[in-house]
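Data block below; observations after.
In listed order, ligands and their atoms are each counted from 1.
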Amino acid sequence: MIPKLTSERGNISTTKTEVTAYFVFEDKTTLRHEFKKLTEVFPSAAVTLDATHFGGKELDTLTLYVKEKRKRKILLVGLGKNEKLTLEKLRRAAAAAAKAAKSLKASSLAIIEPDTEVLGWLKLGEDWESIGSALAEGALLSMYKFDKYLSNEKKNGSTLQRIVIVSDDVERFRKISLGVQYARVVCDATMVARDLANAPPNEIYPDSLSKRAREIVGKKVAATVFDERKIKQLKMGGVLAVAKGSDQPPRFIVLEYNRSKRKSPPVVLVGKGVTFDAGGISIKPASGMSEMKSDMAGAAAVIAAMQAVARLKLPLHIVALVPSVENLLGGRAMKPGDIIVHLNGKTSEVDNTDAEGRLILADALSYASRYKPQLVIDVATLTGAAVVGLGHYATGMMGNDQAAMDKLKEAGERTYERVWQLPMFDEYEKLNKSDVADVKNSGGRPAGAITAAFFLKQFIGDYKWVHLDIAGTSFLNEALEYIPKGASGVGVRLLVDFLRDWP
Ligand code: BES
Ligand code: MN
Ligand code: ZN
């Protein structure tokens, strides 16, 4: 169960929840100050606080049973060194609080704002909206579990129904509440993206993805789905070539938000929607292949982001394009050596059928030109090389517009969905040279994430473009504080935060 999220005016003595989380910093003087404050409010806590070794270290928690609160518990949550506090540490601490409340089988949790008398950390900029949002994000996102296929006894099992972020001051409360409202929207969307990418490939295939996209974005977003006939008519050669190996027909999903603003150039988001990537004839090894159910994580991120921007009523014209296929090895599958004619007339030689993402993105990026966009951002689980190069902690970023990339970098720091720019030096381009077509779909092993971006570059029009390779960040084999194992939903918070202050 995902808890309901609210905000409330109050303090540690007014909360009525079963558990009240109270942040403490690691520094000795502040810790002593906090303990003193606590014993003033709850004299019965003195014995425990005198005896405890609890030092306020990051992610440490201590449950206090205080007489004055009846059956309600106080949960001390460490924030680490006060001058080192960041929004990300608040997310993680809130996640630790929610997890502790969950293991205490509580149904409600209050999270008290961090103490404003501890001044060091206010270097964070007193941005209470972001602080409220970070606390809410960490708490909510940590409660996610993909449990729809588990029988009852193995389900999430969480009893936590309600989380409330608490502030004692009118002005701070107002800002925290705005942050909480924002968090509710982006967390819902992040979990939608996680659900899509965690869903098994017998549930999510191109047609079912397109239907889900329609439901997810809601009435405020116009959804159009191109079927195979329309895709043939448009001559999207890359989408058709990859789809040939599967009995599931391809789809091309077009979502448009603020269509009434269609005279203003849109931001176009493009998401790779390979609902399963077996590699095609250049088949992948069996071990770990099931992870390729999440090869549509880029599509999931842009679809979910459209839901969020519509709920937030962002004043931008935004379009999302999702080419969707299965990459299998049927009798009609594309073969190494095939030459594809793409939507913009350029040809590509299929050197490796496992480099399918760029083939479908080529058509989508060409199609994007029709909107005369002010900016195009594609999001794709594009290369194993991005995983090798950056691991699971950074999304690879390339493109042709430094200003947009700088802004994405900042959004990445704020949301902690960090991106790292890779170079697009001219010299890399020749690695994609083909003797028989305009470009080859594989540039060999060196700099695989970069040569993939150079392939895409062949198909972009006269527009600003950023490519995000989320191969490493979209799916985790080990849980982080508020990202469980499996699909992370990466890209949603990043894109929405970015779009909020673009241009
Ligand atoms: N979907 C994969 C990339 C991928 C790998 C995503 C691991 C997530 C985790 C992509 O379609 C692919 O197979 N890329 C090939 C390209 C190569 C054949 C040029 C790769 O990276 O190995
Ligand atoms: Mn592949
Ligand atoms: Zn793929």
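- Atom OE2 is the N/O/S atom of Glu356 found closest to the Zn ion (ligand 3).
- Of the protein's heavy atoms, Gly384 N, 3.7 Å lies nearest to atom 20 (C) of ligand 1.
- Using a 4.0 Å cut-off between a side-chain N of Lys or Arg and a carboxylate O of Asp or Glu, Glu356 and Lys272 qualify as a salt bridge.
- At a heavy-atom cutoff of 4.0 Å, ligand 1 is contacted by the backbone of Leu382 but not by its side chain.
- At the top of the distance list for atom 12 (C) of ligand 1, counting protein heavy atoms only, stands Asp354 O, 3.2 Å.
- Residue Gly357 has no nitrogen or oxygen atom sitting less than 3.5 Å from a nitrogen or oxygen atom of ligand 1, judged on distance alone.
- For Asp497 and Arg414, the salt-bridge test passes: some basic side-chain N is under 4.0 Å from an acidic carboxylate O.
- A salt bridge is absent between Glu58 and Arg92: the closest approach of a Lys/Arg side-chain nitrogen to an acidic carboxylate oxygen does not fall below 4.0 angstrom.
- Checked by distance only, ligand 1 and Lys272 come closer than 3.5 Å through their nitrogen or oxygen atoms.
- Backbone and side-chain nitrogen or oxygen atoms of Asn352 are examined, and none is located within less than 3.5 angstrom of a nitrogen or oxygen of ligand 1.
- One finds an angle of 90° at the Zn ion (ligand 3) between OD2 on Asp295 and OD2 on Asp277, to the nearest 10 degrees.
- Taking backbone and side-chain atoms together, Ala355 has no N/O/S atom less than 2.8 Å away from the Zn ion (ligand 3).
- At distances below 3.5 Å, not a single donor-acceptor pair connects side-chain atoms of His392 with backbone N or O atoms of Leu476.
- At a cut-off of 2.8 Å, Asp277 coordinates the Mn ion (ligand 2) through an N, O or S atom.
- The distance criterion of under 3.5 Å between nitrogen or oxygen atoms is met by Asp277 with respect to ligand 1.
- Checking side-chain atoms of Ser246 against main-chain N and O of Ala243 turns up no donor-acceptor pair under 3.5 Å.
- Residue Glu356 has at least one nitrogen or oxygen atom sitting less than 3.5 Å from a nitrogen or oxygen atom of ligand 1, judged on distance alone.
- Salt bridge absent: Arg418 and Glu88 never bring a charged side-chain N and a carboxylate O closer than 4.0 Å.
- Salt bridge absent: Glu410 and Lys407 never bring a charged side-chain N and a carboxylate O closer than 4.0 Å.
- One finds no salt bridge joining Glu203 and Lys293 here, because no Lys/Arg side-chain nitrogen approaches an Asp/Glu carboxylate oxygen to under 4.0 Å.
- Looking from atom 7 (C) of ligand 1 to the surrounding protein, the closest heavy atom is Met292 CE, 3.7 Å.
- Residue Asn441 has no N or O atom closer than 3.5 Å to an N or O atom of ligand 1.
- Between Arg358 and ligand 1 there is a heavy-atom distance shorter than 4.0 Å.
- One finds no salt bridge joining Arg184 and Asp188 here, because no Lys/Arg side-chain nitrogen approaches an Asp/Glu carboxylate oxygen to under 4.0 Å.
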